[in-house]
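Notes follow the structure.
To find a chain, count down the sequence lines: A is the first, B the second, and so on, and within it residues start at 1.
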Amino acid sequence: MFNSRTKIKALLSSEQTGQEVTVMGWVRSFRNNQFIALNDGSTNNNIQVVAELGLLDDATLKRITPGASLKVVGQLIESLGKGQKVEVKAKNIEILGDCDPEKYPLQLKNRPTLEYLREKAHLRFRTNTFGAVFRVRHSLAFAVHKFFNDKGFVYLHTPIITSSDAEGAGEMFRVTTLPFDKTPRKEDGTVDFAEDFFGKSTNLTVSGQLEGELGAMAFSDIYTFGPTFRAENSNTTRHLAEFWMIEPEMAFYDIEDNMNLAEEFIKYIIKHAIEHNADDIAFLAQRLADEEKQLPQDKRSEFGLVEKLEFVLNNPFERITYTEAVDILLQSPAYKKKKFEYDVSWGIDLQSEHERYLVEKHFKKPVIVTGYPKAIKAFYMRQNDDGKTVAAMDILAPGIGEIVGGSQREERLEKLEERMREMHIPVEDLDWYLDTRRFGAVPHAGFGLGFERMVLFVTGMTNIRDVIAFARTPNNCEF
RNA sequence: GGAUAGAUAGCUCAACGGCAGAGCAAUGCCCUGUUAAGGCAUAGGUUGAAAGUUCGAAUCUUUCUUUAUCCGCCA
């Protein structure tokens, strides 16, 4: 009968005292041989359990150590001490699981670094910071489904294993059951994938978009929310080899509708997290402020985390074209003083330093850039009438960079095929995709949002490896 | 993949060519309404690895391993 317990979050907000309660959790600290700070992950706040002198024998007292798990039965009373409103006056304390203090790697008074905790990722959920991060992550994920569900979108599960390597979204992880030491070969010496599990070469998905478009051509509006894999050797604070991406795809949408939806969506999930995880976000804001005190004045953020999120909610995103962005950069003091490492001219792919200038220095808010040169964008993006640009949109966020990449899709069969040939995309391999342009094609659009980048933005964390439970990055696949 | 900066006690750091130290954690004892509880004491090290320079190396050089940050690729 473990479910007769009350969660600590509920106990702490209890209007009533005097009743007997059962509480279970892990010891955060044990002060004065009497006061146990107990946490069960329902909130960052601990309940104080009071074990009056004489209640427990010496052998049991020694086993109440940080990390140990307890079952406590006692009376919820108004606290006799100052630091908390209520506390549990214990009648009985049962140790469910011991925790050897000599071996337990989390001694929280030691202020372990985020890098250290990354190596102890299996235990770091028990810290205040990661407790808050992962409750906020949950809240954002829940809000994603609520947002789309409320709008009548169908949640489509696109495949994880794919046979198309034509999407061009990045390096792929191969999926195979062929033996490495004696791979079957064809007469010309190349690997014979006809012998492989699926009878052809297969990989982990880099995007569910193409399959998503098929769904949109029937349900009107779909979204995917699942894991995505990129085998790029990227070593940055904003790339993972395995990450979660949200990809809505909407029929009867143009690029303008697409932008409106993306902006509404981002604001909705942030608002949801603020409303449901105020404590956690306040804790993360304080953590960020404390961390920034170590930095020199000019490197500190202008706003606190909460102010930053409120600002994003209360102001429209800036919308500019790629051409305007290039003009702003060319006119900028940074450009004139030759502060940019990479040169600026119409046609370049905007570098991180350029995006950061636009977002963090010039506009100081999220920016949606549209109308990129077609040469630097994917084959499926709709060509504009100018013959030079496509109906692409990227949303750039302060501190994160590109958080959304999307476009209106090219629904005109001839234009699409022509572009595919120009970019050496094998048209025959994507025949199933082209069918959507043959049988009742409609204008449609969609975008991809990197979920972990969103979590970074809302939590104020700075390394993407700290907002996913078990990060997969080059040379690292622990747990 | 490229560049830069790191690796010293369980954790966070100091020592910058001359005996390797502090705070916290741990262990033992004391105190008992504490709030990262407090007090006294104890223990804890092949300074990431290997080679070299030197009378002497944590400190200087080389190679390797590994971590972080930035850039590229992108979400």
Side-chain angles (χ1 to χ4, degrees), chain A residues 28-37 45-54 58 61-62 65-67 77 79-84 87 89 99-120 127-128 167-171 206-209 225-247 262 294 299 340-342 349-356 376-378 394-397 400-406 447-457 462-466 468 473-476:
Chain A
R28 281 290 174 85
S29 74
F30 185 30
R31 292 183 291 267
N32 223 348
N33 268 5
Q34 287 182 77
F35 304 100
I36 303 163
N45 301 311
N46 306 319
I47 186 90
Q48 170 155 291
V49 173
V50 183
E52 288 188 318
L53 294 175
D58 283 0
L61 281 174
K62 278 198 199 313
T65 59
I77 58 169
S79 180
L80 304 178
K82 275 184 182 162
Q84 55 283 316
E87 63 192 19
K89 184 179 170 187
C99 185
D100 184 346
E102 289 200 71
K103 290 179 184 152
Y104 189 49
L106 292 190
Q107 294 295 348
L108 299 180
K109 281 166 73 173
N110 283 338
R111 312 214 150 215
T113 57
L114 294 175
E115 291 93 81
Y116 173 75
L117 292 171
R118 221 171 277 155
E119 292 171 12
K120 313 286 177 198
T127 65
N128 280 335
E167 291 161 45
E171 291 295 310
V206 293
S207 164
Q209 181 200 316
F225 185 1
T228 308
F229 307 87
R230 304 269 168 97
E232 249 103 47
N233 190 7
S234 298
N235 296 290
T236 76
T237 52
R238 54 186 197 285
H239 287 88
L240 291 165
E242 176 183 292
F243 63 100
W244 289 68
M245 188 154 63
I246 297 143
E247 294 182 288
Q294 316 293 322
K299 296 245 172 121
F340 291 135
E341 190 185 338
Y342 294 87
D349 207 351
L350 298 179
Q351 303 293 313
S352 291
E353 59 177 350
H354 304 140
E355 294 180 349
R356 228 179 306 117
I376 59 173
K377 288 292 182 184
D394 283 0
I395 302 185
L396 312 175
I400 314 288
E402 188 176 339
I403 198 162
V404 163
F447 61 86
L449 178 136
F451 186 58
E452 282 76 17
R453 290 188 180 177
M454 195 68 223
V455 182
L456 275 182
F457 187 75
T462 48
N463 192 315
I464 201 163
R465 296 162 207 180
D466 295 330
I468 190 165
T473 52
N475 265 317
N476 173 47

Please state the [atom1] separation for the pair [N] and [M] - nearest whole angstrom.
{"N": "B:A22", "M": "B:A9", "atom1": "P", "value": "14 Å"}
{"N": "B:A50", "M": "B:A7", "atom1": "C1'", "value": "16 Å"}
{"N": "B:A5", "M": "B:A37", "atom1": "P", "value": "40 Å"}
{"N": "B:U47", "M": "B:U8", "atom1": "P", "value": "11 Å"}
{"N": "B:A15", "M": "B:A51", "atom1": "P", "value": "28 Å"}
{"N": "B:U12", "M": "B:A25", "atom1": "C1'", "value": "11 Å"}
{"N": "B:C40", "M": "B:C31", "atom1": "C1'", "value": "11 Å"}
{"N": "B:A3", "M": "B:C11", "atom1": "C1'", "value": "30 Å"}

Considering only heavy atoms from C-beta outward, does the side chain of [X] approach that of [Y] to under 4.5 Å?
{"X": "A:Gln209", "Y": "A:Met245", "result": "no"}
{"X": "A:Leu456", "Y": "A:Thr462", "result": "no"}
{"X": "A:Pro66", "Y": "A:Leu106", "result": "no"}
{"X": "A:Glu341", "Y": "A:Glu353", "result": "yes"}
{"X": "A:Asn233", "Y": "A:Glu171", "result": "no"}
{"X": "A:Lys377", "Y": "A:Asp394", "result": "yes"}
{"X": "A:Thr127", "Y": "A:Leu117", "result": "yes"}
{"X": "A:Asn463", "Y": "A:Arg118", "result": "yes"}

Expressed as a whole number of angstroms, how long is the span from [X]:[atom1] to [N]:[atom2]?
{"X": "A:Ile376", "N": "B:C74", "atom1": "CD1", "atom2": "C1'", "value": "13 Å"}
{"X": "A:Asn235", "N": "B:U66", "atom1": "CG", "atom2": "P", "value": "12 Å"}
{"X": "A:His354", "N": "B:C71", "atom1": "NE2", "atom2": "C1'", "value": "12 Å"}
{"X": "A:Tyr116", "N": "B:C24", "atom1": "OH", "atom2": "P", "value": "18 Å"}
{"X": "A:Lys377", "N": "B:A75", "atom1": "NZ", "atom2": "C1'", "value": "11 Å"}
{"X": "A:Phe229", "N": "B:C73", "atom1": "CZ", "atom2": "P", "value": "23 Å"}
{"X": "A:Glu341", "N": "B:G2", "atom1": "CD", "atom2": "P", "value": "16 Å"}
{"X": "A:His239", "N": "B:U69", "atom1": "NE2", "atom2": "P", "value": "14 Å"}

*What one-letter contact string describes nucleotides 28-39 of chain B from 5' to 3', where B marks a base within less than 4.0 Å of any protein heavy atom, S marks contact via sugar-phosphate atoms alone, and - marks no contact?*
-S--BBBBBB--
_For A:Phe451, the option from A:Trp244, A:Phe225, A:Phe243 that meets ring pair (Phe, Tyr, Trp, His ring centres under 6.0 Å)_ = A:Phe225
*Do other residues, nucleotides or ligands put more than 12 heavy atoms under 6.0 Å from A:Asn475 CG?*
no
Any idea which heavy atoms bring [X] and [Y] closest together, and the distance?
{"X": "A:Ser352", "Y": "A:Arg238", "value": "OG-NH2, 3.5 Å"}
{"X": "A:Thr236", "Y": "A:Arg465", "value": "O-NH2, 3.4 Å"}
{"X": "A:His354", "Y": "A:Tyr342", "value": "NE2-O, 3.1 Å"}

_RNA chain B stem ranges, 3 or more consecutive Watson-Crick or G-U pairs under 3.5 angstrom_ = B:1-7 with B:65-71, B:10-13 with B:21-24, B:26-30 with B:38-42, B:48-52 with B:60-64
Using a 4.0 Å heavy-atom cut-off, does [X] contact any base of the nucleic acid, only the sugar-phosphate backbone, or nothing at all?
{"X": "A:Arg28", "answer": "nothing"}
{"X": "A:Thr237", "answer": "sugar-phosphate"}
{"X": "A:Phe243", "answer": "base"}

_Along RNA chain B (nearest heavy atom to each residue), the more 5'-positioned of A:Ile403 and A:Tyr342_ = A:Tyr342
*For A:Asn476 and for A:Val404, find the nucleotide of RNA chain B with the closest heavy atom, then tell me which residue's nucleotide is more 5'.*
A:Asn476
*Test for a donor-acceptor pair under 3.5 Å between the base of B:C74 and the side chain of A:Ser234, counting only N and O atoms.*
no
*In terms of side-chain heavy atoms of A:Leu240, which of B:C74, B:A75, B:A25 is nearest?*
B:A75
Pick out the pairs of N or O atoms, protein on one side and nucleotides 5-9 of chain B on the other, that lie under 3.5 Å.
none

*Can you tell me if A:Arg230 and A:Thr228 form a side-chain donor-acceptor pair at under 3.5 Å?*
no
*Taking OP1 and OP2 of B:C71, is either one under 4.0 Å from a side-chain nitrogen or oxygen of A:Arg238?*
yes
*May I ask you to evaluate whether A:Thr236 reaches the phosphate of B:C70, defined as a side-chain N or O under 4.0 Å from OP1 or OP2?*
no
